[in-house]
Amino acid sequence: MLAAGIGAAAVATWSQVGVMPRAAAAPSEVPIGFPEGIDLYRRVFRNWDTTIETEGLWTCKPRNPAEVVAAVNWAANAGYRVRPQGFGHSWSPIVVGDRTSADSKIVLVDTSELNNMSIEGTDKLRVQAGAEMQTVLAFLARIDRCFIGAPAPGNISVGGALAINGHGTNLPGPGEDVPENSTYGTLSNTVIELTAVVWDEVGQAYALRTYERTDADISALLVSLGRTFITEVVMQTVANYYIRCRNSTSIHRKELFAPPSSADGRTLSSLLDRHGRVGIIWFAMTDYPWIQTWDVTPNRPLLSRQTWGPYNYPFADNLPDSAASLVSQITRGAWHLTPAATGAQLAAVVAGLTAFGARDMWGEAKNFIHFVKPTTLRVSAGSHVVITRRDMVQQVVHDFTEHYLKLIEDHRREGDYPANNTCEIRVTGLDYPEDTGIPGARTATLSGAAPVPGRPDLDTAVWLDVLNLPGTPKSDEFFMGLESWFINLPVEIGVARPEWAKRFATSAAGPWTEVDHLERWIPQQVAGWSEAMATLDRLDARGVFRAEIHDRLMPRTRR
């Protein structure tokens, strides 16, 4: 999820608006019997792209896992639901839905105090779920450790990243030494131990339980969509490494996304062959995508500018006046200015890369893993992942971009511009459990990058993300058209799945409402779906951790 640059997907951070402490509320409003020792207050929540906004909801801030357990057991007995939330890096309503009313029996749990971290041995990170990812990577760098991949936004929580299957952009480059017990899949595949609040049948209450990577139940917990409350994980790390990051805007989209039959130039597939780590940010109705490549490079190349920290695209956070004016006019209804606005944003990228010396940079991996600040342009996002063969990646991106362009043109003929930001492409490996080096390690069932049983030929994940401005007319129709491509993906090409953090299952009523997708298509795309649902229901026997979207996507299984 993931984006960078002007107009790209920014972090969906929950905003604190109108905080009212428990002491200021009328006694009749305060949830009866809520544990006195835990900070409790009302707070309005608005997600980053403003598509989800609530009334003032009761929110608590536990200081340790024991207080989390106390709050959860209170909720189970009081008929409330508990929704863990960190920085809210999600466009989908897995924390809480839009317009949730103040009288809803929901208590949000702010995990920000659960942020302890330490190293076990020389390479294992023990970290609580509320820790901020950029803080985690900075901590690891100080002891010469890192991850191979992680989400581009840095101000997201560890627990949040795991819940929504956070990933980076990572395939091994040519000649790259693959570290032992490492993954080129998602962050969830680095987890080897997990502690969560689950239902204890013997004690008839919720309690903390620790799972090893070989435990059957951990399969459903590694990517849980917030259907549990993770308090702590142990993650595998790799030795710190250095990256050369190069940024280009010189390859025409027709060459980059050419069909495999004529792909003898600078295609995405050829870039993957040369670099391994490649990211594409393509402004709608422009011809030259912003291409990022990252190469593991131990020593600084002569022409590369050394970096000392993350977020090396300062121009991404401040649109020039000309581009800002166009975007402002679009959001006020001048949608016909979309081609000019996206062109102006691309021009700003081209100028900014040169002006800030960002075309060729070198430094610690953390400086390039995190490159998206929460101050980039506020946009909505819809994304799916295609699990395919490495030699089919070019076919996937060609077919998808042709479909994307046709949809844009069809709407443009009607005077509509629902695609008014970027299309972004990331490529990773899969979440092979054997990569952990642990005999009998379990697969992360709900991971978008989980291997497809019976299809060992499918070894690569292509993440296809489309972004636009919130409130854009015809958005639902446009995303319905996009999703039809994934729904009808030929089996010989691969398997498509939704990216949980983004919008999916779009109908005329909006995202996350297409019943057939929620009840039939998505479960069919995920091997072990029914078993995972049964596990999550068993571990949350009282349904305390359910959000409204879970009731639609994951209806309670019979016990």
Side-chain angles (χ1 to χ4, degrees), residues 1 11-14 38-39 59-73 75 81-90 94-96 107-120 124-140 147 150-151 153-167 186-198 206-213 215 217-237 444 446-447 500-501 536 539-540 544-547:
M1 48 154 148
V11 182
T13 309
W14 292 100
I38 305 174
D39 193 19
T59 303
C60 69
K61 185 183 287 189
R63 294 163 294 185
N64 52 58
E67 290 191 346
V68 174
V69 173
V72 170
N73 278 314
R81 293 187 180 188
V82 168
R83 304 300 308 128
Q85 62 96 13
F87 294 88
H89 180 63
S90 178
I94 62 171
V95 174
V96 67
V107 172
L108 300 182
V109 182
D110 182 341
T111 64
S112 60
E113 294 293 317
L114 305 176
N115 55 24
N116 293 334
M117 64 189 81
S118 61
I119 282 291
E120 296 190 347
K124 305 294 189 297
L125 172 70
R126 181 175 294 276
V127 59
Q128 290 185 315
E132 189 178 30
M133 282 299 304
Q134 63 185 6
T135 304
V136 170
L137 262 68
F139 170 79
L140 288 174
F147 294 122
N155 66 331
I156 63 176
S157 69
V158 170
L162 296 176
I164 53 85
N165 198 203
H167 62 89
T186 75
L187 203 63
S188 294
N189 206 37
T190 68
V191 175
I192 60 172
E193 181 185 296
L194 177 153
T195 301
V197 181
V198 300
Y206 286 87
L208 291 170
R209 180 174 174 182
T210 297
Y211 298 87
E212 303 294 333
R213 188 61 189 261
D215 293 337
D217 286 350
I218 203 172
S219 292
L221 300 176
L222 290 167
V223 179
S224 69
L225 277 70
R227 280 292 314 277
T228 189
F229 198 119
I230 295 171
T231 60
E232 184 179 75
V233 292
V234 177
M235 308 170 80
Q236 291 179 322
T237 67
L446 300 183
S447 169
W500 302 119
L536 292 170
L539 299 180
D540 182 22
V544 171
F545 299 124
R546 283 181 166 275

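No hydrogens, no waters, no symmetry mates; every other heavy atom, side chains included, goes into these values.
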TODO: List the atom of N189, the atom of R213, and the distance in Å for their closest heavy-atom pair.
DONE: OD1-NH2, 2.7 Å
Open item on the list: Within the structure provided, determine whether S447 and L222 are in side-chain contact (heavy-atom separation under 4.5 Å).
Closed with: no
Open item on the list: Measuring from atom CD1 of I230 to atom OG1 of T195, what distance do you get when rounded to the nearest 0.5 angstrom?
Closed with: 9.5 Å
Task: Reference residue L208; test side-chain contact (heavy atoms from CB on, under 4.5 Å); the match among T231, V198, V68 - done: T231
TODO: Dump the intermediate steps for side chain to side chain contact (heavy atoms under 4.5 Å, CB included) on M133 and L187, then the final yes or no.
DONE: CA-CA 11 Å; M133 282 299 304; L187 203 63; 4.0 Å; yes
Open item on the list: In terms of relative ring orientation, are Y206 and F545 parallel, tilted or perpendicular, with 30° and 60° separating the classes?
Closed with: perpendicular
TODO: Could you pull out the closest heavy-atom pair between G86 and S157, with the gap in Å?
DONE: CA-OG, 4.0 Å
TODO: For side chain to side chain contact (heavy atoms under 4.5 Å, CB included), just list the numbers for L221 and L539, CA-CA rounded to whole Å, side-chain angles, deciding distance to a tenth of an Å, and then say yes or no.
DONE: CA-CA 10 Å; L221 300 176; L539 299 180; 3.9 Å; yes
- [ ] Before giving the answer on side chain to side chain contact (heavy atoms under 4.5 Å, CB included), spell out for Q85 and D110 the whole-Å C-alpha distance, their side-chain angles and the decisive distance to 0.1 Å.
- [x] CA-CA 5 Å; Q85 62 96 13; D110 182 341; 3.9 Å; yes
Open item on the list: Looking at every non-hydrogen atom in both residues, tell me the closest pair between A70 and I38 and how far apart they are.
Closed with: CB-CD1, 4.3 Å
TODO: Kindly indicate whether the side chain of P65, heavy atoms from C-beta on, has any atom under 4.5 Å from the side chain of L114.
DONE: yes
Task: Gap between atom OG1 of T237 and atom CD1 of I119 - 0.5 Å precision - done: 5.0 Å
TODO: State, yes or no, whether a side-chain contact exists between V109 and F229 at a heavy-atom distance under 4.5 Å.
DONE: yes
- [ ] Please confirm whether the backbone N or O of L446 pairs with a side-chain atom of W500, one donor and one acceptor, at under 3.5 Å?
- [x] yes
Task: Closest non-hydrogen atom pair, V107 against C60 - done: CG1-SG, 4.0 Å
Open item on the list: Once rounded to the nearest 0.5 Å, what's the spacing between atom CG of L140 and atom CE of M235?
Closed with: 9.0 Å
- [ ] Determine, step by step, whether T228 and V197 satisfy the side chain to side chain contact (heavy atoms under 4.5 Å, CB included) criterion, reporting the C-alpha distance in whole Å, the side-chain angles of both residues, the deciding distance to 0.1 Å, and the verdict.
- [x] CA-CA 7 Å; T228 189; V197 181; 5.7 Å; no
Task: Reported CG-to-CG distance for the pair D217 and L536, which is rounded to 0.5 angstrom - done: 9.0 Å
Open item on the list: For a quick test of reading the model, state the closest non-hydrogen atom pair linking E132 to G154 and the distance between them.
Closed with: CG-O, 3.5 Å
Open item on the list: Quick check: do M117 and Q128 have side-chain heavy atoms less than 4.5 Å from each other?
Closed with: no
Task: Distance (rounded to the nearest 0.5 Å) between R81 CZ and R546 CZ - done: 7.0 Å
Open item on the list: With rounding to the nearest 0.5 angstrom, report the NZ to OG1 distance, K124 to T190.
Closed with: 11.0 Å
- [ ] Compare all side-chain heavy atoms of F139 with those of V127 and state whether any distance is below 4.5 angstrom.
- [x] no
TODO: Report yes or no: does R83 contribute a side-chain atom to a donor-acceptor pair with the main-chain N or O of V95 at less than 3.5 Å?
DONE: yes
Open item on the list: Could you check whether any side-chain heavy atom of K61 comes within less than 4.5 Å of a side-chain heavy atom of S112, counting everything from C-beta outward?
Closed with: yes
